[in-house]
Amino acid sequence: MPFQPLVQEPEIQRRWLESGAFRAKRASELLPGSKTFYMLVMLPYPSGRIHMGHVRNYTLGDVTARFRRMRGYEVMHPLGWDSFGLPAENAAIKHGIHPAIWTRKNIEEMKGQIQKMGISYDWEREIASFQDDYYRWNQWLFLKMWEAGDVFRAMRTVNWCEELGTVLANEQVVDGKDERTGHPVVQKPLEQYFFKTTKYADELLACLDGLDWPDNVKTMQRYWIGRSEGARLAFDLEDGQRVEVFTTRLDTLFGVTFMALSTEHPVIEKAAQSDPSLKAFCDQVARVSHEERLTSDVKLGHRTAISALHPFTGEKVPVFAANYVLMDYGTGAVMGVPAHDERDHEFALKYGLPIPKVIEAESAWDLGTLVNSGEFTGLRSEDAVAAMIAKLGDRAEKTTTYKLKDWGLSRQRYWGTPIPTVHCDSCGVVPEKAENLPVRLPEDVAFTGHGPSPLTTSSSFLDTKCPSCGRPAHRETDTMDTFVDSSWYWLRYLDPKNAQLPFAKTESDAWMPVDLYVGGIEHATMHLIYARFFYKVLRDLGLASGPEPFQKLICQGMVLKDGSKMSKSKGNIVDPDEVISKYGADALRLFMIFAAPIEKEIDWTGFEGIEGASRFLKRITRMVEDHANAGGGDRLFADAHDVPPAPPHAVSGQSPAPASVTAEPLPAKNQLAPEEKALLIKLNQTIARLTDDLERRYQFNTVVSGLMELSNALADLPADAPHRGAVMQQALDAFVRLMSPVAPHLAEQLWSQLDRPGLCMQATWPEADPAFLEADEVTVVVQVNGKVRGRISVPAAAPEEARRAAALACPEAQAHLAGKEIVKVVVPAGGKLVSIVVK
RNA sequence: GCCGGUGUGGCGAAAUGGCAGACGCGACGGACUCAAAAUCCGUUUCCCCCUAAAGGAGUGUCGGUUCGAGUCCGACCACCGGCACCA
């Protein structure tokens with residue numbers, strides 16, 4: 001049977017599905033002591049079509065899942081849909097199609113595409129976050145977190161568009177305007193719900209050390225969490241108010257010449273009420289868009305009428321409102337020490353403030369020895385901090401702050417999980433009762449793109465009773481950030497039908513932690529912090545065990561076209577479907593895995609690479625066919641005379657093969673011809689190498705080159721090798737299993753052509769035979785002064801002393817040794833090399 | 001600016017401190033063919049050389065450690081990514 005992927009692949013996919021070979025076991029079905037492997041890919045957004053990034057991601061996961069199954073692991077390999085969020089709501093506004101219908105259609109289409117790839121997902125565990133049997137558990141977990149005190153309400157500014165009467169996401173705001181309508185957008189505070197992520201800041205930081213994650217992701221998370229040790233210090237204002245600052249350099253306290261407060265600081269806001277010019281300044285700062293704030297670092301300040309008093313000297317210190325002080329970091333106020341802080345320095349120069357030096361150090365921003373600091377003069381910075389805190393009494397204390405913020409989860413949107421709370425005139429904000437879940441999204445809403453969230457227009461949704469006092473009340477209309485959906489979805493896969501709990505602990509204990517998580521680097525901070533946070537919360541609620549959800553993480557590189565990201569607007573999309581309908585899924589999978597290491601970008605420059613992949617698959621198919629036509633290997637009753645004549649031997653280029661059928665199994669090692677032995681050694685070395693690549697190194701591209709090398713070795717076996725049939729049968733049998741994770745469809749076809757029973761994907765991964773890992777004679781490289789001068793062949797068993805002697809005796813080395821004094825001879829472990837040092 | 005990553009043939013890349021360029025793509029030459037496609041065989045880092053043998057150089061640059069460095073250490077350069085007034 002030739003290589004006909006377009007015909008064969010759908011048929012083979014049907015056999016897989018019918019056999020249930022992708023199904024993962026429930027905890028109760030797992031035999032005691034069985035090894036489990038949880039292979040997870042990041043939850044995709046159902047945009048409508050899969051792209052090459054998905055193909056890369058899912059192929060990699062599938063290779064791992066299939067490999068682990070063959071290695072005897074119980075494998076969990078599920079997929080679902082991150083199916084709430086803005087695009088569906090935008091489609092509703094634009095095309096008048098309900099988000100649910102749009103979403104369902106997209107999921108169906110993408111699922112079909114993914115199934116054509118032959119990815120071994122257990123579709124019985126498929127989940128979609130927009131369905132109420134999923135999002136009810138978001139609500140349930142929200143209530144649990146509410147009870148545990150991990151949820152609170154507070155004000156936070158949002159992008160508010162007055163004309164539309166609606167809140168916009170950051171990505172919808174361009175140049176301070178709504179990207180769709182161009183209406184102006186302002187910052188407006190709104191009361192919102194928050195998860196207390198900062199409660200776990202220290203643990204999130206500490207646990208990073210134990211994770212097998214890429215260093216750059218760990219670094220990004222450390223930076224994101226941004227732990228910073230310093231001190232909190234209270235300054236008295238002249239009018240009796242107090243302002244707290246956070247500083248990492250309390251030792252520079254005597255260098256304070258001003259205070260800078262955020263324009264949103266309560267003291268400034270209060271002062272602005274009676275100071276029109278201050279008010280104007282604050283408004284001006286507030287108008288600057290988020291974008292501009294990121295790109296411009298011009299420091300602006302406004303001198304207020306207020307002065308603060310220096311805690312030690314009692315001197316008056318002017319108080320400024322400044323654009324470079326952030327309200328949501330530290331206390332929203334800093335003490336300005338221009339001599340020893342770069343930003344304060346710039347500010348002081350601009351506003352003509354004194355810059356007294358109080359630290360003697362190598363550079364102005366370093367720690368050092370205090371000068372001009374009253375009784376603290378002469379102390380080292382570190383000691384001065386402790387001494388000052390002691391002296392300042394309850395005005396100061398050591399504290400730690402974090403850049404990590406609490407997670408604002410409110411969205412003023414329709415297409416999300418309704419937050420399960422109720423507003424009651426007498427009881428305030430009250431959580432819904434767990435037995436009333438799910439709080440479903442109503443259908444009777446209009447999508448206009450303006451005005452408040454569509455939820456506020458649905459009376460069937462809005463009107464309810466207070467869970468506490470029973471009087472009429474109205475529902476919360478905020479929905480949850482979609483990051484909530486993706487913060488625990490991998491646990492729902494483990495128990496997707498559970499109607500009592502989000503998932504049973506027995507299931508999570510059986511499968512967690514995830515052994516390999518693969519996804520894009522763009523999720524390095526947000527998603528991967530939120531998910532880790534949720535897992536810690538779940539642990540503390542007694543729902544899951546273990547500190548961390550994802551033991552190993554791989555971040556795949558992007559798939560580019562002509563050096564830039566594929567996108568609809570650039571019109572440079574390569575549709576996976578097109579490739580599959582021309583070359584088949586196996587060729588695409590093989591190419592994707594082979595093209596580059598997984599973490600690097602790959603540029604889809606053309607179809608040459610995939611042509612090569614396809615050629616390789618054809619070659620190996622032909623080899624199996626030729627072998628089968630020659631009578632196969634181990635058919636014990638085959639009669640050489642009945643076997644059809646072998647076709648001209650296209651592969652090796654040798655003369656036509658005699659029907660090299662053998663009735664015997666593989667002969668003993670010492671009966672084999674040298675080329676046969678060499679092939680079997682290559683085979684076993686390849687088995688060892690690929691196993692290591694897949695199991696320990698997680699290096700996938702070399703798996704494909706290993707397969708190619710082995711196929712070249714197979715093609716080189718002479719047609720008249722005495723035990724050709726038996727050797728080829730042995731080698732092809734293993735080869736087909738080795739290729740099965742990467743090119744699973746063709747592997748199944750070849751497996752049956754080799755007359756092997758059952759599905760190749762359920763066969764056992766080959767084991768390397770130690771007897772065939774090393775040739776009888778091995779090559780030893782001879783170096784003289786670090787340069788390779790010769791190669792010698794020695795028996796594999798030769799001891800170090802013999803290797804050394806043989807190396808010294810070899811003529812090429814001799815030529816470089818003549819007339820020199822041998823200083824040293826090094827034979828490293830393994831004995832593959834002898835290094836001679838001469839003078 | 002800070003943090004991280006990457007730098008190896010014409011291209012994608014391999015080399016787990018021990019033979020640099022495996023494997024593939026492309027290119028060139030050849031076989032098969034009336035011809036083409038497909039397939040197969042061969043060549044393909046640079047210098048020297050008719051060729052080969054034998055040399056020499058070579059993994060962004062400069063230094064270091066080591067018997068031995070693409071790999072480890074230090075400084076620098078270039079590119080890519082992330083973050084960014086974090087007190």
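Lettering of chains follows the sequences in order, A, B, ..., and the numbering in each one begins at 1. Just the heavy atoms: all of them, side chains too, but no hydrogens, waters or symmetry mates, feed the values below.
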**Report entry** Exceeds 12 heavy-atom contacts within 6.0 angstrom, atom NZ of A:Lys350
**Finding:** yes
Report summary line: Heavy-atom nearest pair, A:Asp366 first then A:Ala361, reads O-CB, 3.8 Å
Is there a side-chain polar atom (N or O) of [X] under 4.0 Å from OP1 or OP2 of [N]?
{"X": "A:Arg232", "N": "B:rA87", "value": "no"}
{"X": "A:Thr702", "N": "B:rA13", "value": "no"}
{"X": "A:Arg789", "N": "B:rG56", "value": "yes"}
{"X": "A:Asn712", "N": "B:rG24", "value": "yes"}
{"X": "A:Lys600", "N": "B:rA13", "value": "yes"}
{"X": "A:Gln699", "N": "B:rA15", "value": "yes"}
{"X": "A:Asn323", "N": "B:rC85", "value": "no"}
{"X": "A:Tyr223", "N": "B:rG82", "value": "no"}
{"X": "A:Arg697", "N": "B:rA15", "value": "yes"}

For the [atom1] atoms, the ones on [N] and on [M], what distance do you get once it is rounded to whole angstrom?
{"N": "B:rC85", "M": "B:rC80", "atom1": "P", "result": "23 Å"}
{"N": "B:rG55", "M": "B:rC3", "atom1": "P", "result": "47 Å"}
{"N": "B:rA36", "M": "B:rA31", "atom1": "P", "result": "11 Å"}
{"N": "B:rC34", "M": "B:rA22", "atom1": "P", "result": "36 Å"}
{"N": "B:rG58", "M": "B:rA69", "atom1": "C1'", "result": "14 Å"}
{"N": "B:rU61", "M": "B:rG17", "atom1": "C1'", "result": "22 Å"}
{"N": "B:rC2", "M": "B:rA84", "atom1": "C1'", "result": "8 Å"}
{"N": "B:rC47", "M": "B:rC62", "atom1": "C1'", "result": "24 Å"}

May I have the distance from [X] (atom [atom1]) to [N] (atom [atom2]), rounded to whole angstrom?
{"X": "A:Leu553", "N": "B:rG4", "atom1": "CG", "atom2": "P", "value": "18 Å"}
{"X": "A:Met220", "N": "B:rC80", "atom1": "CE", "atom2": "C1'", "value": "13 Å"}
{"X": "A:Leu690", "N": "B:rU16", "atom1": "CG", "atom2": "P", "value": "16 Å"}
{"X": "A:Tyr583", "N": "B:rC25", "atom1": "OH", "atom2": "C1'", "value": "13 Å"}
{"X": "A:Asn701", "N": "B:rU16", "atom1": "CG", "atom2": "P", "value": "13 Å"}
{"X": "A:Trp224", "N": "B:rA84", "atom1": "CH2", "atom2": "C1'", "value": "11 Å"}
{"X": "A:Glu611", "N": "B:rU39", "atom1": "CD", "atom2": "P", "value": "9 Å"}
{"X": "A:Glu522", "N": "B:rG82", "atom1": "CD", "atom2": "C1'", "value": "12 Å"}

Query raised in the report: When you check the gap from the basic side-chain N to the acidic O, do A:Asp341 and A:Arg249 get nearer than 4.0 Å?
Result: no
Requested in this report: Using a strict 4.0 Å threshold on nitrogen-to-oxygen distance, state whether A:Lys682 and A:Glu709 make a salt bridge.
Outcome: yes
At under 4.0 Å between heavy atoms, what does [X] touch on the DNA or RNA strands: base, sugar-phosphate, or nothing?
{"X": "A:Val837", "value": "sugar-phosphate"}
{"X": "A:Thr219", "value": "sugar-phosphate"}
{"X": "A:Gly612", "value": "sugar-phosphate"}
{"X": "A:His816", "value": "sugar-phosphate"}
{"X": "A:Lys299", "value": "base"}
{"X": "A:Asp692", "value": "base"}
{"X": "A:Val788", "value": "sugar-phosphate"}
{"X": "A:Lys403", "value": "base"}

Which nucleotide, if any, forms a Watson-Crick or G-U wobble pair with [N], using both distances under 3.5 Å?
{"N": "B:rA75", "result": "B:rU61"}
{"N": "B:rG1", "result": "B:rC83"}
{"N": "B:rG70", "result": "none"}
{"N": "B:rA27", "result": "B:rU43"}

Heavy-atom donor-acceptor pair, [X] side-chain to [N] base, under 3.5 Å:
{"X": "A:Arg222", "N": "B:rC3", "value": "no"}
{"X": "A:Lys824", "N": "B:rC67", "value": "no"}
{"X": "A:Arg696", "N": "B:rU16", "value": "yes"}

Name the closest nucleotide to the [X] side chain, picking from [options].
{"X": "A:Arg615", "options": "B:rC19, B:rU39, B:rA22", "value": "B:rU39"}
{"X": "A:Asn216", "options": "B:rG56, B:rG4, B:rG24", "value": "B:rG4"}
{"X": "A:Val325", "options": "B:rG26, B:rA87, B:rG18", "value": "B:rA87"}
{"X": "A:Arg791", "options": "B:rC19, B:rC40, B:rA87", "value": "B:rC19"}
{"X": "A:Pro597", "options": "B:rU39, B:rC23, B:rA13", "value": "B:rA13"}
{"X": "A:Phe246", "options": "B:rG18, B:rC19, B:rA87", "value": "B:rA87"}

Requested in this report: For this output row, return yes or no: ring centroids of A:Phe591 and A:Trp604 closer than 6.0 angstrom.
Outcome: yes
Query raised in the report: What do you reckon, are the aromatic ring centroids of A:Phe347 and A:Phe258 less than 6.0 Å apart?
Result: yes
Query raised in the report: In terms of base orientation, is B:rG81 syn or anti, with the syn window spanning 90° either side of 0?
Result: anti
Query raised in the report: Starting at the 5' end of RNA chain B, which residue's closest nucleotide do you reach first, A:Met708 or A:Thr525?
Result: A:Met708
Query - 5' precedence on RNA chain B between A:Val217 and A:Ile602 (nearest-nucleotide basis) - result: A:Val217
Query raised in the report: Does the pair A:Glu611 and A:Ser614 meet the rule for a side-chain hydrogen bond (donor to acceptor under 3.5 Å, both in side chains), with working shown?
Result: CA-CA 5 Å; A:Glu611 296 270 8; A:Ser614 183; 5.8 Å; no
Query raised in the report: Between the main-chain N or O of A:Val559 and the side-chain N or O of A:Arg56, is there a donor-acceptor pair closer than 3.5 Å?
Result: no
Query raised in the report: Hey, does the Lys NZ or Arg CZ of A:Lys403 hover above the aromatic six-ring of A:Tyr223, less than 6.0 Å from the centre and inside 45° of the axis?
Result: yes
Query raised in the report: Are side-chain N/O atoms of A:Asp344 and A:Tyr324 paired as donor and acceptor at under 3.5 Å?
Result: yes
